[in-house]
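One structure below.
Positions are given from 1 along the sequence.
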Amino acid sequence: MKRREAIDLARPNASAAAPGRPGMPWVLLAITIGVSGCVALDAPVAAPPVEAPTWERVAFGTSDADFVGAIDLTAVRADPVFGPIVTQLARKEHLGVLTRASQIDVVASVERGNAATWIAVIHGVEGPPRDQDVGSGARDIVTAPGAWVLGEGPAFQRVRSTPSLAPARVVLPARALFASTVQGRAIPRPPHPELADLTEGLEQASMAILGGAHLELVLRCRYVDATAARHAATAARLALVSAAARTDSVSALARELVKLDFDASGDIVAVRVTLSDDLRELLQRYVERAAE
């Protein structure tokens with residue numbers, strides 16, 4: 001039997017499992033990886049798992065990669081909230097590629113929360129990269145047909161030796177600006193008891209930020225079994241109810257501007273966070289002023 005609740009306050013807890021290497025590549029990829037590994041839930045219409053491109057098996061061997069993520073840069077640039085952010089990043093960080101590329105894909109194998117080996121593919125570009133495209137990291141990029149490839153470790157070396165593999169893209173869900181899927185084994189167990197309850201038995205977490213008429217965040221967590229999912233759902237409900245019961249002005253405003261749909265069925269727990277048009281317009285004005 002499917003249980004469903006609607007709560008008008010969105011304060012989900014999240015953590016990120018991101019590769020950690022300083023320099024240009026990580027500035028470029030922060031948008032994708034920073035929203036990955038969400039220790040959370042899924043919604044009535046869940047974020048489907050993001051599938052790795054066809055070259056994953058060649059690059060990572062017989063085992064699946066732990067993290068798959070992608071940014072639809074064309075859609076992001078057209079979005080009134082994220083478009084100015086990307087434009088500002090491109091200008092301030094000398095990342096002209098953000099205004100030229102159509103999509104960035106990231107696939108990684110993770111150990112203890114850090115990338116053991118990873119590959120990033122920048123799609124929709126031609127010719128060799130220039131310093132104004134990617135900063136000093138241009139020398140580290142491999143040119144493939146219609147794409148640039150960068151990375152680290154054995155998986156990158158395999159794709160580097162056969163760059164013709166790289167043009168195959170991650171397929172994003174409809175309306176997705178960003179999307180990622182992370183395997184549970186790659187998500188570090190958090191020290192806080194509330195978050196630990198959400199990660200116990202977690203096998204896979206998928207998330208997507210959806211653009212279009214409404215800005216939404218959808219998350220999907222699959223657990224080892226229905227018992228583990230119910231335990232996580234109970235912990236999440238308690239946290240949400242506690243947050244919704246607060247009477248301070250911030251919580252009251254959140255209830256007006258954000259809607260959260262919570263759902264649990266079998267071994268899946270899900271949430272959909274929808275921003276109101278008023279909040280989206282407020283965010284848009286804030287970003288525009290910050291970019292001036």
Side-chain angles (χ1 to χ4, degrees), residues 12-22 25-26 28-42 46-71 104-121 149-159 170-173 176 178-209 217-225 228-229 231-232 235-236 267-271:
N13 294 310
S15 70
R21 173 187 171 187
W26 296 112
L28 212 170
L29 305 176
I31 300 174
T32 301
I33 305 176
V35 294
S36 72
C38 292
V39 182
L41 326 165
D42 186 349
V50 181
E51 299 292 338
T54 54
W55 47 260
E56 176 209 19
R57 292 286 175 165
V58 175
F60 290 86
T62 56
S63 61
D64 294 332
D66 296 313
F67 172 84
V68 181
I71 310 173
I104 299 177
D105 297 340
V106 183
V107 181
S109 178
V110 181
E111 292 180 2
R112 298 179 181 178
N114 295 312
T117 180
W118 61 273
I119 299 166
V121 182
V149 188
L150 62 156
E152 198 171 69
F156 173 57
Q157 295 305 323
R158 294 187 188 102
V159 172
V170 170
V171 178
L172 289 165
F178 317 93
S180 67
T181 293
V182 61
Q183 302 304 320
R185 61 180 176 268
I187 300 176
R189 187 165 173 79
H192 302 294
E194 297 84 359
L195 292 180
D197 286 338
L198 298 178
T199 57
E200 183 68 36
L202 179 62
E203 283 201 331
Q204 186 185 77
S206 299
M207 67 78 59
I209 296 178
L217 170 66
V218 292
L219 304 108
R220 172 186 188 275
C221 284
R222 178 170 57 82
Y223 290 83
V224 292
D225 53 33
H231 178 78
D267 60 355
I268 300 294
V269 183
V271 73

Minimum heavy-atom distance [X]-[Y], with the two atoms named:
X      : Y      : answer
Phe67  : Val110 : CB-CG2, 4.5 Å
Ala65  : Ala108 : CB-O, 3.5 Å
Ser206 : Pro49  : OG-CA, 3.3 Å
Pro53  : Val170 : CD-CG2, 3.7 Å
Val171 : Val50  : O-CG1, 4.2 Å
Ile119 : Phe60  : CD1-CE1, 4.0 Å

Rounded to the nearest 0.5 Å, how far does [atom2] of [Y] lie from [atom1] of [X]?
X      : Y      : atom1 : atom2 : result
Thr181 : Glu51  : OG1   : CD    : 7.5 Å
Asp105 : Ser180 : CG    : OG    : 12.0 Å
Leu198 : His231 : CG    : NE2   : 8.0 Å
Gln204 : Asp267 : CD    : CG    : 10.5 Å
Arg185 : Ser109 : CZ    : OG    : 7.5 Å
Phe178 : Ile104 : CZ    : CD1   : 10.0 Å

Contact check, side chains of [X] and [Y], non-hydrogen atoms, under 4.5 Å:
X      : Y      : value
Val159 : Val58  : no
Phe156 : Val107 : no
Pro48  : Arg220 : no

Testing Val269, Val182, Ile187, Val224 one by one against Leu202 for a side-chain contact (heavy atoms from CB on, under 4.5 Å), which residue passes?
Ile187
Looking at Gln157, I want to see if its CD is surrounded by more than 12 non-hydrogen atoms of other residues, nucleotides or ligands under 6.0 Å.
yes
